[in-house]
Structures are given as C-alpha cells and as structure tokens.
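The block underneath contains the structure these notes are about, expressed in structure tokens.
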Amino acid sequence: MAVKSASDRSNQDDSVRRTRDTYQQKETETAKKNGAKVKQLSETHQAEIDQMKEAHEKQLEELKTKTRDAFSRRDMEYQREIDEMRDMH
C-alpha cells in the first residue's frame with residue numbers, strides 16, 4: 001500500500017472541493033434558469049387568461065344587448081297589438 005503524504009491528501013481535498021463548488025454553481029444556475037422559465041410561462045399564462053376573460057365579458061355584454069333589444073321589439077309589437085284591439089272596440 002502506498003502511503004499518501006499530507007500534501008497529496010490536501011491536493012485531493014482541494015480537487016474534491018473544486019468539483020463540489022463547480023457542481024453547486026451549475027445547480028444554482030440551472031435553478032435560476034428554471035425559475036425564470038417558470039416565471040415567464042406563468043406571466044404568459046396569466047396574459048392568456050386575461051384575454052379570455054375580456055373576450056368572455058364582451059360576449060356576455062353583446063348577449064345582454066341583443067336580449068334587451070329583442071325584448072324591446074317584442075314589447076313594442078305587443079303594445080301595438082293592444083292598441084289595435086282598443087281601436088277596434
């Protein structure tokens with residue numbers, strides 16, 4: 001068996017420390033990149049949801065307007081029929 005000197009052990013420890021530090025740095029960078037991607041996707045998703053809400057609100061408003069108009073036309077027609085009946089008597 002070969003006996004390792006203190007300087008060999010120190011060099012090996014330094015190498016392990018550098019490897020560990022490099023790995024941790026890469027992990028940190030990867031986590032930051034992933035966090036940025038998630039944030040960007042979340043913002044995009046929220047923008048899509050906002051667009052859908054606006055489109056839905058517009059559709060509901062159009063439906064309300066059309067329904068109101070239809071009721072108004074129908075009411076006017078009924079009122080005209082009532083007036084005609086009154087005029088007949």
Side-chain angles (χ1 to χ4, degrees):
M1 276 173 84
V3 177
K4 293 185 178 183
S5 67
S7 67
D8 288 341
R9 282 192 301 269
S10 177
N11 287 341
Q12 187 177 15
D13 288 346
D14 287 342
S15 175
V16 169
R17 191 175 303 115
R18 279 191 304 271
T19 302
R20 183 177 58 238
D21 289 345
T22 302
Y23 174 78
Q24 288 175 343
Q25 185 178 6
K26 287 181 181 179
E27 282 293 311
T28 301
E29 289 172 5
T30 301
K32 286 180 183 178
K33 286 179 184 177
N34 288 341
K37 286 180 183 178
V38 167
K39 182 179 177 184
Q40 191 265 339
L41 286 172
S42 180
E43 290 171 353
T44 302
H45 184 251
Q46 187 61 46
E48 290 175 3
I49 289 173
D50 292 343
Q51 285 179 330
M52 290 175 71
K53 283 182 181 179
E54 288 177 20
H56 185 256
E57 288 173 5
K58 184 178 178 182
Q59 287 177 339
L60 284 177
E61 193 58 40
E62 289 175 2
L63 182 61
K64 286 178 187 178
T65 301
K66 288 179 182 178
T67 302
R68 192 176 316 117
D69 291 346
F71 281 133
S72 295
R73 281 193 305 271
R74 196 174 321 145
D75 288 343
M76 288 189 321
E77 179 65 25
Y78 291 151
Q79 189 63 43
R80 186 186 60 75
E81 289 177 7
I82 291 171
D83 290 342
E84 286 177 359
M85 287 184 186
R86 284 185 185 152
D87 288 342
M88 290 170 53
H89 294 284

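Side chains included, hydrogens not; waters and symmetry mates left out as well; all remaining heavy atoms used.
Taken from OG1 in Thr19 to CG in Asp14, the straight-line distance is 10.5 Å, to the nearest 0.5 Å. Interatomic distance, Glu27 CD to Gln24 CD, rounded to the nearest 0.5 Å: 9.0 Å. Atoms CG and CE, on Asp83 and Met76 in that order, are 12.5 Å from each other to the nearest 0.5 Å. We find the CD-CD distance between Gln51 and Glu48 to be 7.0 Å, quoted to the nearest 0.5 Å. Here CG of Asp13 is found 9.0 Å from CZ of Arg20. Values are rounded to the nearest 0.5 Å. Rounding to the nearest 0.5 angstrom, the gap separating the NZ atom in Lys37 from the CD atom in Gln40 is 10.0 Å.
With salt bridges taken as basic N to acidic carboxylate O contacts below 4.0 Å, none links Asp21 and Arg18. Salt bridge status for Glu77 with Arg80: present, with a side-chain N to carboxylate O gap under 4.0 Å.
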Chi angles and distances behind the side chain to side chain contact (heavy atoms under 4.5 Å, CB included) call for Glu84, Asp87: CA-CA 5 Å; Glu84 286 177 359; Asp87 288 342; 5.6 Å; no
Report task. Go through the steps to decide whether Gln59 and Leu63 satisfy the test side chain to side chain contact (heavy atoms under 4.5 Å, CB included), and finish with yes or no. Result -> CA-CA 6 Å; Gln59 287 177 339; Leu63 182 61; over 6 Å; no
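Looking at heavy atoms from C-beta onward, His45 lies in side-chain contact with Ile49 at the 4.5 angstrom threshold.
When atom types are taken as modelled, the side chain of Ser42 and the backbone of Val38 share no donor-acceptor pair closer than 3.5 angstrom.
There is a side-chain donor-acceptor pair under 3.5 Å between Gln46 and Asp50.
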